[in-house]
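Only a predicted model underlies this, so the values are computations on that prediction, with no experimental measurement involved.
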2 protein chains.
Amino acid sequence: MPPPSAKAKSVRVLEFPPRLSSGYLVRDAHRAFQRLLERRITPYGVTRGQWYFLRVLWTHDGLSQRELSARVGMMEPTTVIALRSMERSGLIHRLRSDDDRRKVRVLLTAKAKRLRNELLAVARTITEEAEAGIDMRDLASFRRVIARMTANLDLIER
Amino acid sequence: MPPPSAKAKSVRVLEFPPRLSSGYLVRDAHRAFQRLLERRITPYGVTRGQWYFLRVLWTHDGLSQRELSARVGMMEPTTVIALRSMERSGLIHRLRSDDDRRKVRVLLTAKAKRLRNELLAVARTITEEAEAGIDMRDLASFRRVIARMTANLDLIER
DNA sequence: TCCCATTGCATAGATTTCTAAGTAATTCCT
DNA sequence: AGGAATTACTTAGAAATCTATGCAATGGGA
């Protein structure tokens with residue numbers, strides 16, 4: 001029979017229930033948010049993939065694709081695909097920059113600008129629904145903790 | 001000029017920075033967890049999509065596909081795709097049930113069972129890295145809050 | 001000036017996930 | 001017993017995301 005410490009370690013690894021795993025809790029919450037967001041923006045003809053880009057463009061219209069990718073936190077090929085669908089849906093125009101012909105400036109159409117307030121309200125409503133019944137102090141603590149987790153993980157390379 | 005309350009409401013909707021949105025914070029954290037998990041399990045020949053199913057099967061070997069879908073929290077077509085790739089990788093066998101020939105029982109191979117402890121250790125390490133430097137009480141509060149948010153959102157139909 | 005490294009975007013191909021609709025086995029009701 | 005409803009899985013097709021690679025415009029150094 002192994003010594004107590006070895007046994008404890010073994011049990012510790014063998015049992016790792018999802019309820020105790022921050023990663024699982026975060027995943028579940030993320031899926032719940034996504035699901036609701038998707039349902040509520042589809043009626044506006046906006047997909048979840050377009051949403052993140054719209055959100056940045058509403059405050060930073062005219063960014064280049066590279067800047068946009070960085071702000072949204074997506075890889076550039078993802079941006080290409082999202083922008084293509086947004087162009088098809090009449091949400092943006094792409095304009096080759098004159099001073100540097102490699103760059104493409106992304107510009108919102110009037111249609112996209114008109115959607116802004118209503119869609120931001122949708123996002124805020126979902127947040128309010130998620131936070132219902134949660135103490136303000138707990139909420140503030142939650143934000144600090146989850147931001148810290150993200151920062152912790154982002155510092156790790158491999 | 002609109003009355004103060006109307007103005008406050010308008011500003012409230014017009015400005016909704018991601019830093020204050022639980023949804024965005026959750027999304028960022030989720031992506032950080034995913035990124036690291038994916039990097040660390042790829043060397044074992046396991047993809048992120050297979051991971052969730054392995055994790056359930058390690059404690060509930062022999063479930064049917066439907067039960068598995070429910071436990072993992074994925075739609076059934078997603079399960080079909082994941083299981084197909086797991087079968088190709090030699091992680092599972094699928095066995096048509098004899099008492100009900102509609103059902104397919106999913107069984108782990110010896111290879112998948114051998115991976116269990118090492119991969120669970122990977123998950124635990126990531127959790128520990130994410131939680132580094134966070135107060136135990138804050139962590140407990142975090143788990144309550146995020147589980148409550150998920151529950152809140154899951155109650156909403158549309 | 002001309003070559004080459006860098007920069008900005010695009011393509012290719014894979015994976016993960018969904019919704020909607022199909023097929024086959026089982027069960028239930030008359 | 002036979003048809004209808006239900007159950008379990010599958011297929012089809014779309015979307016969102018990634019890594020790896022390609023191409024074209026730019027700029028810097030010999």
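- Seen from the ring of Tyr24(A), Arg27(A) counts as a face-on cation partner, given the 6.0 Å and 45° thresholds.
- The CD-C1' distance, from Glu38(B) to dT17(C), rounds to 14 Å in whole Å.
- Using a 4.0 Å cut-off between charged side-chain N and carboxylate O, Glu129(B) and Arg40(B) make a salt bridge.
- A straight line from CG of Leu63(A) to C1' of dG8(C) spans 14 Å, rounded to a whole angstrom.
- Here the shortest heavy-atom pairing between Gln34(A) and Arg48(A) reads OE1-CD, 2.5 Å.
- When rounded to the nearest whole Å, the span between CD of Glu87(A) and C1' of dC9(C) equals 13 Å.
- Under the salt bridge (charged side-chain N to carboxylate O under 4.0 Å, His left out) criterion, Asp100(B) pairs with Arg102(B), sequence neighbours left out.
- Comment: Glu38(B) does not engage Arg31(B) in a salt bridge, judged by the lack of any side-chain N to carboxylate O separation of less than 4.0 angstrom.
- Ser64(B) comes within 4.0 angstrom of sugar-phosphate atoms only, judged by non-hydrogen atoms across all strands, and of no base.
- Residue Ala132(A) comes nearest to Asn152(B) through the heavy atom pair O-ND2, 3.0 Å, listed as atom of the first residue, atom of the second, then distance.
- In this structure, Leu95(A) shares a hydrophobic cluster with Leu107(A), the cluster being traced through Ile, Leu, Val, Met, Phe, Trp and Tyr side chains under 4.5 angstrom apart.
- Listed pair Gln34(A) / dC18(C) fails the phosphate criterion, with no side-chain N or O lying under 4.0 Å from OP1 or OP2.
- Val80(B) comes within contact range of at least one nucleobase, with a heavy-atom separation under 4.0 Å.
- A heavy-atom distance below 4.5 Å is found between the side chains of Gln50(A) and Ser89(A).
- Along DNA chain C, the nucleotide closest to Arg35(A) and the one closest to Glu67(A) are compared, and the more 5′ of them pairs with Glu67(A).
- Listed by residue number, the members of residues 94-102 of chain B with any heavy atom below 4.0 angstrom from DNA chain D are Arg94(B), Arg102(B).
- For the helix from dT1(C)-dA30(D) to dT30(C)-dA1(D), the terminal axes (five pairs an end, C1' atoms, rotation from four pairs onto the next four) enclose an angle of 10°, given to 10 degrees.
- Remark: the Glu67(B) side chain and the Ser64(B) side chain contain an N/O donor-acceptor pair separated by less than 3.5 Å.
- One can place CD of Gln65(A) at 10 Å from P of dT11(C), the figure rounded to the nearest angstrom.
- Rounded to whole Å, atom C1' of dT7(C) lies 9 Å from atom NZ of Lys103(A).
- Among residues at least two apart or in separate chains, ring-ring contact (aromatic ring centres under 6.0 Å, His included) pairs with a member in residues 121-147 of chain A are Phe142(A)-Phe142(B).
- Atom P of nucleotide dT26(D) and atom CZ of Arg66(A) are separated by 15 Å, given to the nearest angstrom.
- In this structure, CE of Met86(B) is placed 15 Å from C1' of dT15(C), rounded to the nearest angstrom.
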Let me have a per-nucleotide readout for nucleotides 13-19 of chain D, 5' to 3', with B, S or -, counting only protein heavy atoms under 4.0 Å. ---SBBB

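- Salt-bridge check for Arg35(A) with Asp154(B): passed, with a basic side-chain N closer than 4.0 Å to an acidic carboxylate O.
- Residue-level contact check: Arg84(A) touches the backbone only, with heavy atoms under 4.0 Å from sugar-phosphate atoms and none from bases.
- The existence of a salt bridge linking Glu131(B) and Arg143(B) is confirmed by a sub-4.0 Å separation between a basic side-chain nitrogen and an acidic carboxylate oxygen.
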